[in-house]
Every structure is written in structure tokens, then in C-alpha cells.
A.B. asks: 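Sharing a structure below in C-alpha cells format, with a few things to ask.
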Number of protein chains: 2
Amino acid sequence: MSRVSATFPADVFGEPDFLPEPLPEPATQSIRLEAVFGALSEPLRLTIIQRLLLESESFDHTCGWFGFDRPKSSLTHHFKALRAAGLIRQRQYGLERRSRVRTDDLNARFPGLLELVVAWTP
Amino acid sequence: MSRVSATFPADVFGEPDFLPEPLPEPATQSIRLEAVFGALSEPLRLTIIQRLLLESESFDHTCGWFGFDRPKSSLTHHFKALRAAGLIRQRQYGLERRSRVRTDDLNARFPGLLELVVAWTP
DNA sequence: ATATTTGTTCGAGTTTTATCGTACTGATGG
DNA sequence: CCATCAGTACGATAAAACTCGAACAAATAT
């Protein structure tokens, strides 16, 4: 893999200068509280958001990074639910699809929400 | 109706000296964040909690007070869901079952949560 | 080119949740 | 006693959500 590839992994060399466009997601203003609550009512999804908040360093993570023992199609389902509700932003880096929490958007729209997720004990 | 009846309505003369026992509800420590999120992911239930927070004066409210145009059995279902998740406390006053938000419990356990509900715009 | 890797899409089965009519209960008032 | 009133319980139907296998797609590595 080339050091200058447009798709090299963000967790090896840090964030690339030019990020791929995010996958389709709701605009900040149209994130709905009830949809956010629905997305976070599923323990696996709550875990995803919490771990992204607590263990993310300066880069985004693939869904494989979490190490969940679930079929890939189940993970796709949950990540899509999180993105549709406005909780995560996803970008495609070559093969990988990396996710980060939309922290700024969520803090602006629902202050205090992410603190609750961080404090959650499974 | 007697002024000293054990079951007179709390919204006419204020809170009685001896409250009826609350209906079965989860203990404060066992209220689960994911269950709370699930309960609040339903717009009607979100409305119930918001209105109890915003429009409740010093007394609890019956489910009829909200004026929802839904069958009674549907309302029973949603109020039971809110109580099971630990969001409301319900007491029986004669015929009526009155609800209040478990504000202290929820603020202690999930600080900031109720503010999000208050700020919600349907 | 071919295999490997990461993740998607489709579709089916299962479980949960919502909706709501009907019948019922228990307290109150005449 | 009998009617009324607030709300429950039951049960059926319908809609949503979760789970997951199988087949597929696209980028990468050799």
C-alpha cells in the first residue's frame, strides 16, 4: 500500500488532508430527538457510540475495529441506523467505511446527550 | 364527595396528606438508560413527559387530562410503558390514576435528560 | 488475473411494538 | 341498587425492528 494513496487508512498515518465525502446523512437541523432516542435504545448501538466517544483517538474507526461477534450484515444494519438517526458520520476509505460520532452537531442540538452515553454502564 | 375523603382529587384541593402507594415501578438504581431511551422514542410518550414537565402545576395528572384523541386502551399501554421504564410514578386516587415524572430520580441518575425533553419541539 | 479483505444488499424468519375493539373492574353518586 | 366514570385486561391484527445467512461488489495485494 502506497504512503500517498488516496485511500490509506486513517489509523496508521492520521487523518488525510482530503477527506472523502460523508455518506448521506441528515442535516444537523433535521436530527430528531425521538429518532436519536430510538437509535440509542439498542444496547449494541449504545455501545458503539460510547466506545467511539471513549476510545476514539484522533481518527475514525471501521466497524471491524469494535470486535463484535456478530454477522457483518447485522453490523451494517446497526451502523446504518446510527447514521440515519444522525448520530454518526461515515466516510469511505478504499475498502473501509469509517465512523465517527457527530459530536459537534449533537452537542449543539442536544446538549448533555453525549455525556449520558459516556456515563452509561452496560 | 367529601372534603376528607382518602381519594379526593389532588387537582382540586392540592396534594393529600397521605398519598396512595405508587404502583409497582423500578427502583431508582435499576432504571436503565436504554429503556428510558426506548420509552422516549415514541412521540406520544415524549409528549406526555414534556407536558408533565412543562404544564404540571403542583399536582399529578390523569391520562384524560392530556386530551389525546386515542382509545383508552392505547393510552393505558403508553402510560404503562413509561412507568415500566421508570419515567413516571403513578398513584391511584379512587377512580383516577395520576402520573408524575420521577424528576428527582431521573435527574440523579441521568442529569440533563429531562432538559432535553423539555426543549423538544414536536 | 486471482485471491483476500471490507462491507453491502437481499430476503426470510423471529421477535417486539403499536393500535384498538370489546369486555371487564372498582369507585362514586343518585 | 343501578348508572356512570376512569381506567385496565385481554386478544387480535398490523407494523417495525432485530438477526443472520447467502450472494454480491469494489478496492487491494500478490
Side-chain angles (χ1 to χ4, degrees), chain A residues 1-12 16 20 22-24 34-48 60-85 88 90-99, chain B residues 1-12 16 20-24 32 34-48 60-85 88 90-99:
Chain A
M1 170 182 295
S2 160
R3 177 74 175 77
V4 293
S5 162
T7 60
F8 74 80
D11 60 353
V12 176
L23 304 194
E34 61 272 35
V36 167
F37 283 160
L40 294 177
S41 68
E42 217 287 326
L44 188 82
R45 294 195 293 249
L46 201 43
T47 303
I48 290 170
D60 304 351
H61 290 287
T62 67
C63 69
W65 172 81
F66 295 87
F68 294 127
D69 187 23
R70 302 279 187 102
K72 293 187 293 181
S73 51
S74 298
L75 299 180
T76 296
H77 167 74
H78 288 298
F79 278 88
K80 184 184 289 189
L82 287 170
R83 178 162 55 87
I88 61 174
Q90 293 185 290
R91 288 190 171 89
Q92 194 83 31
Y93 293 81
L95 268 183
E96 301 170 338
R97 181 166 291 193
R98 290 174 174 271
S99 304
Chain B
M1 170 182 296
S2 158
R3 179 75 177 76
V4 293
S5 162
T7 57
F8 73 78
D11 61 353
V12 175
E21 279 302 294
L23 304 194
R32 303 283 320 165
E34 62 271 35
V36 167
F37 282 161
L40 295 177
S41 67
E42 218 287 326
L44 189 82
R45 294 195 293 248
L46 200 43
T47 303
I48 290 170
D60 305 350
H61 291 286
T62 67
C63 69
W65 172 81
F66 295 87
F68 295 126
D69 186 22
R70 302 278 187 103
K72 292 188 293 180
S73 51
S74 298
L75 299 180
T76 296
H77 168 74
H78 288 299
F79 277 88
K80 183 184 290 189
L82 287 170
R83 178 162 54 87
I88 61 174
Q90 294 185 290
R91 288 192 172 88
Q92 193 84 32
Y93 292 81
L95 268 184
E96 301 170 339
R97 181 165 292 193
R98 290 174 175 271
S99 303

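Numbers restart at 1 for each chain; the letters A, B, ... are given by sequence-line order, proteins then strands. Values in this document were obtained by computation on a predicted structure and should not be read as measured data.
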A.B. asks: Working to the nearest 0.5 angstrom, can you tell me the gap between T62(A) OG1 and Y93(A) OH?
C.D. replies: 12.0 Å
A.B. asks: Could you tell me how far apart L95(A) (CG) and dT5(C) (C1') are, to the nearest whole angstrom?
C.D. replies: 6 Å
A.B. asks: Kindly say whether G94(A) contributes a backbone atom to a donor-acceptor pair with the side chain of Q92(A) at under 3.5 angstrom?
C.D. replies: yes
A.B. asks: Tabulate protein N/O versus nucleotide N/O from nucleotides 9-13 of chain C, keeping only pairs under 3.5 Å, one per line.
C.D. replies:
from   : atom 1 : to     : atom 2 : distance (Å)
dT9(C) : OP2    : K80(A) : NZ     : 3.1

A.B. asks: Roughly, in whole Å, what's the span from CZ in R45(A) to P in dT19(D)?
C.D. replies: 8 Å
A.B. asks: Compare the minimum distances between each of dG7(C), dC18(D), dT19(C) and the side chain of H78(A), then state the nucleotide with the smallest one.
C.D. replies: dC18(D)
A.B. asks: Rounded to whole angstroms, how far apart are CZ on F68(B) and P on dA6(D)?
C.D. replies: 16 Å
A.B. asks: Rounding to an integer number of Å, can you tell me how far Y93(A) OH sits from dT5(C) C1'?
C.D. replies: 19 Å
A.B. asks: Please state how far atom CD in E96(B) lies from atom C1' in dT25(C), giving the value in whole angstrom units.
C.D. replies: 16 Å
A.B. asks: Nearest-Å distance, CZ (R70(B)) to P (dG7(D))?
C.D. replies: 17 Å
A.B. asks: Under 3.5 Å, which donor-acceptor pairs link side chains of residues 76-83 of chain A to any protein atom two or more places apart or in another chain?
C.D. replies:
from   : atom 1 : to     : atom 2 : distance (Å)
T76(A) : OG1    : K72(A) : O      : 3.2
H78(A) : ND1    : R45(A) : NH1    : 3.2
R83(A) : NE     : Q90(A) : OE1    : 2.7
R83(A) : NH1    : P24(A) : O      : 2.6

A.B. asks: Tell me the closest heavy-atom pair linking S74(A) and R70(A), and the distance in Å.
C.D. replies: CB-CB, 4.4 Å
A.B. asks: Nearest-Å distance, CZ (R83(A)) to C1' (dT8(C))?
C.D. replies: 11 Å
A.B. asks: Nearest 0.5 Å, what's the CG-CD1 distance between D60(B) and I88(B)?
C.D. replies: 10.0 Å
A.B. asks: Checking R91(B) now: which residues fulfil side-chain hydrogen bond (donor to acceptor under 3.5 Å, both in side chains) with it, not counting sequence neighbours?
C.D. replies: none
A.B. asks: Whole angstrom is fine here: how far is it from NE2 in H61(B) over to P in dG7(D)?
C.D. replies: 13 Å
